[in-house]
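All chains are named by letter (A, B, ...) in the order of the sequence lines, taking the proteins before the strands, and each is independently numbered beginning at 1. Worth knowing before you read on, the calculation uses all heavy atoms, side chains too, and leaves out hydrogens, waters and symmetry mates. Remember, predicted model here, so these are calculated numbers, not experimental data.
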Number of protein chains: 2
Amino acid sequence: MQAVTLDDVAVLAAVSAKTVSRVVNGDARVSPDTRQRVQAAIASLGYRPNLAARSLATSRSGLIGMFAPLIGGSHFFGELMREAIRACRQHGYHLAIEEAGVHSMRNVDAYREGLRKLRCEGMVLPAPVCDDLELLDALDADGVRYVRISPALEVARSVAIVADHAAGARAVAQHLWSIGRRRFGLVTGMPHQASSPLRRDGFLAGLAEQGITADQMAIVAMPDLIRDTGWGAAGGGVPNIIDLGRHAGAQLFDRDCRPDAIFTYNDELAAGVVSQARDRGIDVPGQLSVVGFDDSDAARLCWPPLTTVRQPIARIAAQAVDILITGDPQDQRTILCPVELVVRGSSAAV
Amino acid sequence: MQAVTLDDVAVLAAVSAKTVSRVVNGDARVSPDTRQRVQAAIASLGYRPNLAARSLATSRSGLIGMFAPLIGGSHFFGELMREAIRACRQHGYHLAIEEAGVHSMRNVDAYREGLRKLRCEGMVLPAPVCDDLELLDALDADGVRYVRISPALEVARSVAIVADHAAGARAVAQHLWSIGRRRFGLVTGMPHQASSPLRRDGFLAGLAEQGITADQMAIVAMPDLIRDTGWGAAGGGVPNIIDLGRHAGAQLFDRDCRPDAIFTYNDELAAGVVSQARDRGIDVPGQLSVVGFDDSDAARLCWPPLTTVRQPIARIAAQAVDILITGDPQDQRTILCPVELVVRGSSAAV
DNA sequence: TACGCCGATGACAGCGCTGACATGCCATGT
DNA sequence: ACATGGCATGTCAGCGCTGTCATCGGCGTA
């Protein structure tokens, strides 16, 4: 079975193997009728190229690699993966996926023992893997190009594609202001998440345009929240982020001047805030509008569904792959992608 | 760069290329000191095998393929994918992932234009792709083995790995009974989902053991629900499953004898029921215990988190890969995997 | 001592494809 | 009529590895 080779096709079409190769690879310098004859032979024989042989002959693998922190762990990576696969296919490439730091293995070891063998021609590196300098060194040493998808701007060793977190957060501020909200609450993310300060500052900047300053709003800082709830002590246990959001909500609702609009670092926190609000009989969105970030599953699973900010994941993935396959290796741009405010049921006019 | 070949290693170790090959492939018939010498040479040169060349020489691709309905679309596939990748790596294989039926393309075409080129040695086929006979025919024609992961038992052309949905649902019934629940509600899934009748019947069987019959409980059938809510008419629009659950909850709460325990086809529906209950001031889990199925994100994102049934996804994936790589090609068993009841905050004693 | 056997190692071809280069053919210009 | 150039096509080696078979040396047995 499946022993059809170039030569078989060549014999049938009465041309040389090389000509068949040309047809298969879309070389223009083949006369139309020859091409047709070859294509007919290919079809009738059911020929399909042997990628291993091609790869050996050309020393190109036809593979793009992607590191994911925890496959299936989030909506973001799922979509990134899906879109990267599609983009690769359009170029005739395939995507090889590897899980970063499995079993607390260092990323660079995960690379060495996994993807490296496949000799990917390029790598898509989402955060936080993309900030692992050790890994970047290893990739550089192998001459493997990479595109980083990260809000962390410090590293400038390759193309970086970045969603415009700040602009998204600013849009949230404008949205909340425009629907008549005036008392604002904010729940931040962990400082080590590079997107956290960007989202916070974007939000603050948006409100500053309306004359609202940080000291006029209720802010819950994630590190404090974690300390207060004792999650910090509970060694190893990853805090339930929804529950964290509920605690944040409780803290905000206990303030003297209860906010009528709350923006949280991400959707899970927002869902927790909404949950707490409903337990206290606070109407969402009437008495309180809540906005998250990421347009993750939580945004849709929450009731009412969350107003949130969506990153253009498909576009990011496609662009990353395009750059790896067709781009200039010297390119070191940082590409900022616009994000989109998605208004749903959790925010509405007073 | 990276031009280190078997021959380079062979020269350094003063042996033939073939002996190096033996060492690399773990052939036992190499004397210990030769082996050591070769390994030292490999290490000092930083040699790594060229998989394309190996693949060409052995005519084995070292690839397992997997079809996923919508990559990143669900927790289940995310985890399946992750575990399959891990299992493949343990065997020195890699996993190639393809999205089924992209852009309403037929599965078989997605296969032909994508994975087929890679010549996977085996395929993991989750539901519902695994019930596409056209695809199975194509795989058979190519001589590609496959393992189906599906509750649909009609097709018997390969190994099938099946989570024991019925046993899980029965365990739910027993759990609810044991915490003192006596008035039961049930929300089914769509009949075309093969797992739906299995879960329903398992639940009914579990209650039957306690002397409760179907006509003594409140049942919401999904097709009716979809009709009632008008989703059926809203062409194209996929119903928001949470919202569907809220409607199901409303129907159940309006009955004369309000259930104090509700089991739903999946977690999203359960989350909707919980949401509705909270809006009506019904205490969960005190006045009403709710149990879902799948242990999806919704189960954790819900508040209180859902009691649910978890499929042993890791085990299923590992077993599928093992069977493809080391198993008997003639094998046509159907393997039933035990599931696990996960008790969380949404169910508790009266 | 002679023989056969076995474990360790090597020689060599070839997997299917493509790159570099060679060839052959026809149209064009002089 | 002949040189020239350009296009279509062919020849051939070799990418890095492994399967097959051959070889070699030492050991046990008769």
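- Judged by distance alone, with hydrogens and angles left aside, A:Arg29 brings no side-chain donor or acceptor close enough to the base of D:dG6 to form a pair under 3.5 Å.
- Closest to the side chain of B:Leu6, out of C:dG16, D:dC21, D:dC17, is D:dC17.
- Note on B:Thr5: every side-chain N or O is 4.0 Å or more away from OP1 and OP2 of D:dG16.
- Atoms CZ (A:Arg35) and P (D:dC7) sit 15 Å apart, rounded to a whole Å.
- The distance from atom CG of A:Asp33 to atom C1' of D:dA8 is 10 Å, rounded to the nearest whole Å.
- Comparing A:Pro32 and A:Lys18 by the nucleotide of DNA chain D that holds the closest heavy atom to each, the one mapping nearer the 5' end is A:Pro32.
- C:dC17 atom P lies 16 Å from atom CG of A:Asp27, rounded to whole Å.
- Spacing between atom CZ of B:Arg22 and atom P of C:dA8 amounts to 10 Å, rounded to whole angstrom units.
- As rounded to whole Å, 14 Å separates atom P of C:dC15 from atom CZ of B:Arg119.
- For CD of B:Gln90, the number of neighbouring non-hydrogen atoms (other residues, nucleotides, ligands) closer than 6.0 Å is 12 at most.
- Within the structure, a side-chain polar atom (N or O) of B:Thr19 is placed less than 4.0 Å from OP1 or OP2 of C:dG10.
- B:Val24 comes within contact range of no nucleotide atom at all, as no heavy-atom separation falls under 4.0 Å.
- Phosphate contact (OP1/OP2 of C:dT9, side-chain N/O of B:Thr34, threshold under 4.0 Å): present.
- Residues from residues 51-61 of chain A lying near DNA chain D, meaning a heavy-atom separation below 4.0 Å, are A:Leu56, A:Ala57 in numerical order.
- At the phosphate of C:dA11, neither OP1 nor OP2 sits under 4.0 Å from any side-chain N or O atom of B:Ser16.
- Following rounding to the nearest Å, A:Arg37 (CZ) and D:dA8 (P) show an atom-to-atom distance of 14 Å.
- Between A:Glu121 and A:Arg145 there is no salt bridge, since no side-chain N of the basic residue sits under 4.0 Å from a carboxylate O of the acidic one.
- A 6.0 Å sphere centred on CD of B:Gln36 holds no more than 12 heavy atoms belonging to other residues, nucleotides or ligands.
- Under 4.0 angstrom from either OP1 or OP2 of D:dT18 there lies at least one side-chain N or O belonging to B:Asn25.
- Between the CD1 atom of A:Ile42 and the P atom of C:dG16 there is a distance of 16 Å, rounded to whole Å.
- The pair A:Arg89-B:Glu99 fails the salt-bridge criterion, with no side-chain N (NZ, NE, NH1 or NH2) lying under 4.0 Å from an Asp/Glu carboxylate O.
- Distance alone, capped at 3.5 Å, is enough to place a donor-acceptor pair between the A:Thr58 side chain and the A:Arg54 backbone.
- As a whole-Å value, the separation of A:Asn50 CG from C:dG14 P is 18 Å.
- Salt bridge B:Arg315/B:Glu83: absent, no basic N to carboxylate O contact under 4.0 Å.
- Remark: side-chain polar atoms of A:Arg48 are not paired, donor with acceptor, to backbone N or O of B:Lys117 under 3.5 angstrom.
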